[in-house]
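Below: the structure, in structure tokens.
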Amino acid sequence: MTAVEMRDLFFILYDKITNLAAPGYTDDEISDFLNKAQLQFVKHRYNEKGNKYQEGFEETEKRRKDLAQLTRNLVAGISSDQTGVSPNGVFYDLPEGYMYTLREEATITSNDECIDGKRIYIKPITHDEYAINLLNPFKKPDHTVAWRLDYSNTAPVSGTATKRHELVTDGTYSVGTYHLRYLNMPANIDIAGGIASELDPSVHEEVVDAAVRIAAGITDPGSYQIKVIEEQQGE
């Protein structure tokens, strides 16, 4: 569905809800509604068990297809800025648009030929878990798994915030290349510019439905509440 087709469907559904009595919206305003709806859609689909069928992100063919267009791969080297890194930790800068991690591994280097060059599992942990388990020999990272902490740092030169991951080892080996598969932020829909949604075409109508609900929430809160309930009961 093109951006213009999404706009036309928006008008049809919006007029149906408001009985042709509500004020119209410009292309820029509708683009804004569509982008808010699109982002909501992505978050809702990614959220495990976030629908009436209690299906996780990849539990059915449909749900795999819903966000397939946003799946990206990253093979990252070590960040040039290691300021503030934890002991035995390494920072990796994440790409602009990164949203959620789907899968991650790291290639390690070691003097031990048995594990040198091996790709190991990455375990996401919280900072509280890091503090609690750092000295626990049974829960520390080892040559089969490294910890991952989320981190955001303001670059000293540009002043812009960069999303980062910090990989932490037990110090007996080093992590080198970081292999990440992730969900990327969807590109903005722009009706005037002819930029359509990059989501799979099979979900475009669902995005328009959500955009109409957002618009109805502004002009007709009563109808909006009804539609919210309908959305929560839908997939």
Side-chain angles (χ1 to χ4, degrees), residues 32-79 81 85-86 89-107 119-130 141 145-155 160-168 175 177-189 195-204 206-211 213-214 228 231-232 234-235:
D32 186 49
F33 290 141
L34 289 170
N35 287 320
K36 289 179 180 178
Q38 180 175 243
L39 190 56
Q40 286 181 4
F41 177 90
V42 172
K43 291 179 178 179
H44 179 73
R45 287 300 184 274
Y46 176 80
N47 181 36
E48 186 177 2
K49 312 301 183 185
N51 58 94
K52 75 173 183 179
Y53 299 113
Q54 295 295 288
E55 295 168 351
F57 168 53
E58 293 187 310
E59 288 188 19
T60 67
E61 180 71 11
K62 180 186 184 305
R63 293 184 67 75
R64 287 193 292 271
K65 290 292 190 294
D66 283 350
L67 302 180
Q69 299 300 321
L70 302 181
T71 303
R72 304 284 190 274
N73 282 325
L74 173 70
V75 179
I78 297 171
S79 171
D81 180 9
V85 72
S86 303
V90 180
F91 283 138
Y92 291 84
D93 294 332
L94 300 177
E96 184 177 357
Y98 162 88
M99 286 189 70
Y100 304 120
T101 298
L102 301 179
R103 190 185 73 206
E104 53 190 328
E105 296 175 312
T107 301
R119 283 175 65 152
I120 65 170
Y121 169 69
I122 303 299
K123 179 182 179 181
I125 66 169
T126 66
H127 287 80
D128 283 344
E129 289 174 315
Y130 172 88
V145 59
W147 287 346
R148 186 256 287 173
L149 295 163
D150 293 323
Y151 189 86
S152 179
N153 184 44
T154 301
T160 58
T162 300
K163 290 182 179 179
R164 315 176 95 188
H165 279 171
E166 181 181 23
L167 303 188
V168 180
V175 287
T177 305
Y178 181 33
H179 308 271
L180 177 70
R181 180 163 292 182
Y182 65 98
L183 278 186
N184 197 56
M185 183 83 69
N188 281 337
I189 300 166
I195 301 175
S197 171
E198 65 177 311
L199 296 178
D200 190 89
S202 65
V203 304
H204 286 184
E206 295 179 63
V207 172
V208 176
D209 285 341
R213 287 192 288 271
I214 293 172
V228 167
E231 180 182 17
Q232 291 172 345
E235 198 220 353

For P141 and A146, work out which heavy atoms get closest and say how close. CB-CA, 4.1 Å
Mind checking what makes side-chain contact (heavy atoms from CB on, under 4.5 Å) contact with E198, not counting sequence neighbours? L70, R72, P186, A187
Would you call E129-K123 a salt bridge at under 4.0 Å N-O? no
Spatial distance of atom CD1 (I122) from atom CH2 (W147) [nearest 0.5 Å]: 12.5 Å
Please confirm whether the backbone N or O of S86 pairs with a side-chain atom of E166, one donor and one acceptor, at under 3.5 Å? yes
Tell me, do D81 and R164 make a side-chain contact under 4.5 Å, heavy atoms counted? yes
Find the distance between CD1 (I120) and CD (E104) and round it off to the nearest 0.5 Å. 11.0 Å
Restricting to non-hydrogen atoms, name the atom on I195 and the atom on N188 that form the minimum distance, rounded to 0.1 Å. CG2-O, 3.5 Å
Does the pair L199 and D66 meet the rule for a side-chain contact (heavy atoms from CB on, under 4.5 Å), with working shown? CA-CA 7 Å; L199 296 178; D66 283 350; over 6 Å; no
Assess the residue pair V85 and Y151 against the criterion (side-chain contact (heavy atoms from CB on, under 4.5 Å)); give the C-alpha distance rounded to whole Å, side-chain angles, the decisive distance to 0.1 Å, and a yes or no. CA-CA 10 Å; V85 72; Y151 189 86; over 6 Å; no
So, taking the atom named CG in L67 and the one named NE2 in H44, what distance separates them when rounded to the nearest 0.5 Å? 10.5 Å
Please enumerate all residues that pass side-chain hydrogen bond (donor to acceptor under 3.5 Å, both in side chains) together with S202, with sequence neighbours excluded. D200
Calculate, to the nearest 0.5 Å, the distance between atoms CZ and CD belonging to F33 and Q38 respectively. 15.5 Å
What about the rings of Y98 and H165, do their centers lie closer together than 6.0 Å? yes
Heavy-atom pair with the smallest gap, counting every atom of I189 and N35: N-OD1, 2.5 Å
Parallel under 30°, tilted from 30 to 60°, perpendicular over 60°: which one fits the rings of Y92 and Y178? tilted
With side chain to side chain contact (heavy atoms under 4.5 Å, CB included) as the test, pick out the partner of R148 among V168, I125, T101. T101
Do the side chains of D209 and R213 get close enough for a salt bridge, i.e. N-O under 4.0 angstrom? no
Grab the two heavy atoms, one from S197 and one from H204, that are nearest each other, plus how far apart they are. O-NE2, 3.6 Å
For the atom pair CG (L183) and CE (M185), what is the distance rounded to the nearest 0.5 Å? 10.5 Å
Verdict with supporting geometry, D32 and I214, side-chain contact (heavy atoms from CB on, under 4.5 Å): CA-CA 10 Å; D32 186 49; I214 293 172; over 6 Å; no
Taking the side chain as everything from C-beta on, heavy atoms only, tell me whether D150 gets closer than 4.5 Å to K163. no
Going by the rule side-chain contact (heavy atoms from CB on, under 4.5 Å), which residues pair with R119 if we only count those two or more places apart in sequence or in a different chain? E105, T107, H179
Kindly indicate, with the supporting measurements, whether the criterion side-chain contact (heavy atoms from CB on, under 4.5 Å) is fulfilled by L74 and Y182. CA-CA 8 Å; L74 173 70; Y182 65 98; 3.9 Å; yes
